[in-house]
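Some notes on the structure that comes next.
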Amino acid sequence: MAEAKKSNPDVEKRVMVAVDESECSYYALIWVLENLKQSITDAPLFIFTALPPPTSYTSGAGASLGLARSYFPVASNTELSHTLQENDKKVRCGILEKAKDICAERGVAAISITEVGDPGRTICDTVEKLNINLLVLGDHGIGRIKRALIGSVSNYCVQNAKCPVLVVKKP
């Protein structure tokens, strides 16, 4: 009977850390590298970031410019949207590169993943798709009022992820 309770060593433990441009997400990554080193040496560490969906880029550029357009040429909404999306991709690539550098400094190879969509949903979808065993997020510390008004990615993931979720608070 005791044999049945032992975990299977062939089953790898998959850990995913979601990062963004915030200092707290990098703190969460460093926390994982320092405190879960045993768990991530035999299995890949996944580093995830989400790109906002393309539709969110056009919301602020939808106003008509009227006669001002003839005197001050402005890029069309699609050009502006494409430019903003490309810039955001560059920022996200930089975020992932910084995270991978942090891992490399500590001797951990990481796999980076970028998905387009709402961060909470894409994180949870990726957790399910990759059979992640532990999701780690940094706590932004936005407070109860802001969380109630704008929502919280970590709160969404705690409620919806198909694995345990660890939210790391920066002291």
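For clarity, every value in this text was computed on a predicted model and none was experimentally measured.
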Ile113 and Thr49, any side-chain heavy atoms less than 4.5 Å apart
no
List the steps and the verdict of side-chain contact (heavy atoms from CB on, under 4.5 Å) for Asp125 and Ile123.
CA-CA 6 Å; Asp125 290 346; Ile123 289 169; over 6 Å; no
If you round to the nearest 0.5 Å, how far is NZ of Lys100 from SG of Cys93?
10.5 Å
Keeping to residues at least two apart or across chains, list the side chain to side chain donor-acceptor pair (under 3.5 Å) pairs with something in residues 112-121.
Glu115-Lys129
Step through the shown structure and confirm whether more than 12 heavy atoms of other residues, nucleotides or ligands are within 6.0 Å of CD on Glu21.
yes
Only one of Val167, Val19, Leu45, Val168 clears side-chain contact (heavy atoms from CB on, under 4.5 Å) with Val136; which?
Val168
Between the CG atom in Leu96 and the CG atom in Asp101, the distance rounded to the nearest 0.5 Å is 11.0 Å
Between Lys37 and Arg106 (side chain of the first, backbone of the second, donor and acceptor by atom type, cut-off under 3.5 Å), is there such a pair?
yes
Tell me which donor-acceptor pairs under 3.5 Å the side chains of residues 25-35 have, and how far apart each pair is, sequence neighbours excluded?
residue, atom, partner, partner atom, Å
Ser25, OG, Asp20, N, 3.1
Ser25, OG, Asp20, O, 3.0
Ser25, OG, Asp20, OD1, 3.2
Ser25, OG, Ser22, O, 3.0
Tyr26, OH, Ile95, O, 3.4
Asn35, ND2, Trp31, O, 2.9

Ignoring hydrogens, what is the shortest heavy-atom contact between Cys124 and Ala161? Give both atom names and the distance.
SG-N, 3.6 Å
Pair Cys24-Asp139, side-chain contact (heavy atoms from CB on, under 4.5 Å): steps then yes or no:
CA-CA 6 Å; Cys24 27; Asp139 179 35; 5.8 Å; no
Quick one: pull up SG in Cys103 and CD1 in Ile40 and give me the separation to the nearest 0.5 Å.
7.0 Å
Mark yes or no for whether Asn133, through its side chain, and Arg14, through its backbone, hold a donor-acceptor pair below 3.5 Å.
yes
With a 3.5 Å distance limit and no angle check, can you tell me whether Thr122 reaches the backbone of Ala50 through a side-chain donor-acceptor pair?
no
Is there a path of hydrophobic side-chain contacts, each under 4.5 Å between heavy atoms, that joins Leu130 and Phe48?
yes
Applying the side-chain contact (heavy atoms from CB on, under 4.5 Å) criterion to Met16, which one of Ile47, Leu137, Ile132 satisfies it?
Ile132
Which atom of Leu135 lies closest to which atom of Cys157, heavy atoms considered:
CD2-CB, 3.9 Å
Tell me, which pairs form a salt bridge (charged side-chain N to carboxylate O under 4.0 Å, His left out) where one or both residues lie in residues 152-166, sequence neighbours left out?
none
